[in-house]
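Each chain gets a letter, A, B and so on, in the order the sequences are listed, and its residues count up from 1. Side chains included, hydrogens not; waters and symmetry mates left out as well; all remaining heavy atoms used.
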There are 2 protein chains.
Amino acid sequence: MTIVQLEYAVAVDTYRSFVLAAEKCFVTQPTLSMQIQKLEEHLGVKLFDRSRQPVVPTEIGIEVIEQARKLLNESYKIKEIIDERKGEIVGELKIGVIPTVAPYLLPRVIGGFMEKYPKVTLTISEFTTENIIQQLKIGLLDCGILATPLDENTLFERPVFYENFVSYVSKTSPLFKKKALTTNDLDIDELWLLNEGHCMRNQVLSICKHKKSNGHQLNYNTGSIETLIKMVDLNNGITILPELSLQDFSVKQMDKVRYFKSPEPSREISIVTNKNFIKKRIIDALETEILNSVPKRMKSKKKKEVLDI
Amino acid sequence: MTIVQLEYAVAVDTYRSFVLAAEKCFVTQPTLSMQIQKLEEHLGVKLFDRSRQPVVPTEIGIEVIEQARKLLNESYKIKEIIDERKGEIVGELKIGVIPTVAPYLLPRVIGGFMEKYPKVTLTISEFTTENIIQQLKIGLLDCGILATPLDENTLFERPVFYENFVSYVSKTSPLFKKKALTTNDLDIDELWLLNEGHCMRNQVLSICKHKKSNGHQLNYNTGSIETLIKMVDLNNGITILPELSLQDFSVKQMDKVRYFKSPEPSREISIVTNKNFIKKRIIDALETEILNSVPKRMKSKKKKEVLDI
DNA sequence: CAAGCTTATAGAATATATCTATATTAGAGC
DNA sequence: GCTCTAATATAGATATATTCTATAAGCTTG
């Protein structure tokens, strides 16, 4: 049994294909097949059921591969020990970010980060919470930046900051005249919402969970907060925005922002990793950069009341 | 970097010798040397300082080897998953036992154990507590059977049973007339003790810690409880025995046993393993066998007041 | 049942691990 | 400080493993 064989087995599990796994491991498919066979022979059990398409791990294969992932993690940690000793922050960091955080946070973070740590390659992708969780579990992502708590016991959450929600109200809305709102003021039928799948949609709905709908005239669900803003600007109604999205607002736009009275609804944004997690130093560095690019007030680490996701 | 290379590095750390490590790994010394060199080259750091005799790991070598031990543990766990699936309890179990437990417990355990699990090879050695702790940490032992708590945070203790201490009193001692004793009755100058290094010696001394010595006429420190018994039988005085040592006593000997009034002084006997521990199923089986060969009353898992070791 | 995948097998080329023999180096004893 | 001894390193040969290319065999799916 070799580390390489375990890497191959894990790759087949991850990609559910010998051909694709071989490609990702930079070897030919027969090489990978042979090594998996040798591993299976060594262990005395079949790890994959090739008669299904796509290949699936056998019952015991699932257990062995889970354990193999732990072993490989320990092996990456050896490399980290070396890098750390050399005082270098190097490597690749694959980050998954939810779309309601990404555009307002990352552009402010990556510049400083890449300047400070030129030897780190960042790979950033926007995914839904569900997708990020999946990919963290199988190691396709090193960390996620998303709203928590997730209640996933194989993942580890480090809360980084707390972001309030605000409402964005068109001039034609009755709420425009109010200075500060309570969640009771919201009219669910006036509200522009994000698509299903965005955790922020659920949070916004839970803000208004006590309100009943009288039926919408128009159901427009969009994938981007920028669209929500434009809908209010051009088509009346209101929407709920995360605080960070206000950063580049014009004076005209700020006019339409209405804050909630305390307790303001808010979300907890965390860096989430696999529990036996690696790349600690790079991720520490990322956390520091995020904290530097976020208003001080949001860093408050005391457990606020946050909305479930 | 291969698993084999890491095994070699760990072996060199364990045995502090390339020659001996090679022998234990069943390869020649040049083979092992070459592989260690390749590993060092791959990692870009020297793991061992060969200019010292015996060889010592470098500062970073210590860290890398510690991590390598974790990786190897994960690799043993893969084998365990396979064995477990096959429903077999197989392998080797290296047990370290303290001398004040070994002769009264193990003979009753090993018979049944070996019959039930014929594919397990048991290797049992008597060592002091200190020695067992050391060997558990570097993996030379799989588990220890000793008095706890140890307060060692890299080790894991599973309390198995609680053993009272009794006194064994010669007919000429004034205590012989008493039916039950309190720890206050003990005369430290009459007491036969075990050698330094036996944890039970410390426990016995702590039973009498409030008593002052007037100076002994004879200081005879022995390594075995059997000797303590014979000293009382043939040379007067008293001694303290663990409860299990009474099991094969003659009627004549039982005459000399005096129990302590409640709360009886007692010790906690645990199976101790490394924290990232392996061979779970074999050790579970061992625990079951031990519990089967010990009087029910001693199994009480409620936290008794036990003596420090 | 054939087309288009995916995985397995065979044989050659390459790389790696191991061995034996021997050189070098470090430490112990005089 | 110099020898002797024990330990580690190096060299070259051999056996073993890994990988590749080419091709066969097995599943899916229309």
Side-chain angles (χ1 to χ4, degrees), chain A residues 1-62 64-65 68 71-72 75 78-79, chain B residues 1-62 64-65 68 71-72 75 78-79:
Chain A
M1 184 173 71
T2 69
I3 293 175
V4 170
Q5 286 171 350
L6 296 174
E7 280 172 341
Y8 291 171
V10 165
V12 171
D13 178 59
T14 300
Y15 299 107
R16 298 297 161 105
S17 154
F18 280 62
V19 172
L20 188 54
E23 198 176 299
K24 299 284 182 180
C25 293
F26 304 104
V27 293
T28 59
Q29 167 268 316
T31 295
L32 184 132
S33 285
M34 287 290 283
Q35 288 311 111
I36 300 261
Q37 278 175 50
K38 287 193 60 176
L39 178 60
E40 289 177 326
E41 194 180 330
H42 168 84
L43 295 177
V45 294
K46 273 257 167 295
L47 296 177
F48 296 99
D49 180 356
R50 287 101 156 148
S51 73
R52 302 271 142 231
Q53 200 52 242
V55 280
V56 288
T58 59
E59 209 174 325
I60 188 150
I62 291 169
V64 169
I65 288 159
L71 185 149
L72 293 177
S75 101
I78 291 180
K79 296 185 190 99
Chain B
M1 184 173 69
T2 68
I3 293 175
V4 170
Q5 287 171 350
L6 296 173
E7 280 172 340
Y8 291 171
V10 165
V12 171
D13 178 59
T14 300
Y15 300 105
R16 297 297 160 105
S17 154
F18 280 62
V19 172
L20 188 54
E23 198 176 297
K24 298 284 182 180
C25 295
F26 304 104
V27 293
T28 60
Q29 167 267 314
T31 295
L32 184 133
S33 285
M34 287 290 279
Q35 288 311 111
I36 299 262
Q37 279 176 50
K38 287 192 60 175
L39 178 59
E40 289 178 326
E41 194 180 329
H42 169 83
L43 295 176
V45 294
K46 274 258 168 292
L47 297 178
F48 296 99
D49 180 356
R50 287 100 156 151
S51 73
R52 301 272 141 230
Q53 199 54 241
V55 280
V56 288
T58 59
E59 207 175 327
I60 188 148
I62 291 169
V64 169
I65 288 159
L71 185 148
L72 293 178
S75 101
I78 292 180
K79 295 183 190 100

Worksheet item: How long is the line joining CZ of Arg16(A) and P of dT28(D), in whole Å?
Response: 15 Å
Practice prompt. Starting at atom CG of Asp49(B), determine the distance to atom C1' of dT25(C), rounded to an integer number of angstrom.
Written response: 13 Å
Worksheet item: Within the pair Arg50(A) and dA8(C), is there a side-chain N or O less than 4.0 Å away from OP1 or OP2?
Response: yes
Worksheet item: Side-chain N or O of Ser33(A) less than 4.0 angstrom from OP1 or OP2 on dT6(C)?
Response: no
Discussion item. Quick check: closest heavy atoms across Ala68(B) and Leu6(B), and the distance to 0.1 Å?
Written reply: CB-CD2, 4.0 Å
Worksheet item: Roughly how far, to the nearest 0.5 Å, is the CG atom of Leu47(B) from the OG1 atom of Thr58(B)?
Response: 6.0 Å
Practice prompt. Could you pull out the closest heavy-atom pair between Ile3(B) and Thr2(A), with the gap in Å?
Written response: CD1-C, 4.0 Å
Ignoring hydrogens and angles, write down the donor-acceptor pairs under 3.5 Å from the side chains of residues 29-37 of chain B, residues two or more places apart or on other chains.
residue, atom, partner, partner atom, Å
Gln29(B), NE2, Ser33(B), OG, 3.1
Thr31(B), OG1, Thr28(B), OG1, 3.0
Ser33(B), OG, Gln29(B), O, 3.2

Item to complete: List the atom of Leu71(A), the atom of Ser75(B), and the distance in Å for their closest heavy-atom pair.
Response: CD1-CB, 3.3 Å
Fill in: Student check: side-chain heavy atoms of Leu39(A) and Tyr8(A) closer than 4.5 Å
no
Discussion item. Tell me the bend of the helix from dC1(C)-dG30(D) to dC30(C)-dG1(D) as the angle between end helix axes, each from five pairs, rounded to the nearest 10 degrees.
Written reply: 40°
Worksheet item: What is the distance, rounded to the nearest whole Å, between atom CZ of Phe18(B) and atom C1' of dA9(D)?
Response: 10 Å
N/O-N/O pairs, protein side and nucleotides 15-19 of chain D side, under 3.5 Å:
residue, atom, partner, partner atom, Å
dT18(D), OP2, Lys38(A), NZ, 2.3
dT19(D), OP1, Tyr8(A), OH, 3.3

Worksheet item: Do Val12(B) and Val55(B) come close enough that some side-chain heavy atom pair is under 4.5 Å?
Response: yes
Discussion item. At 4.0 Å (heavy atoms only), tell me whether Gln29(B) reaches a base, stays on the sugar-phosphate, or touches nothing.
Written reply: base
Fill in: More than 12 heavy atoms of other groups within 6.0 Å of Lys24(A) NZ
no
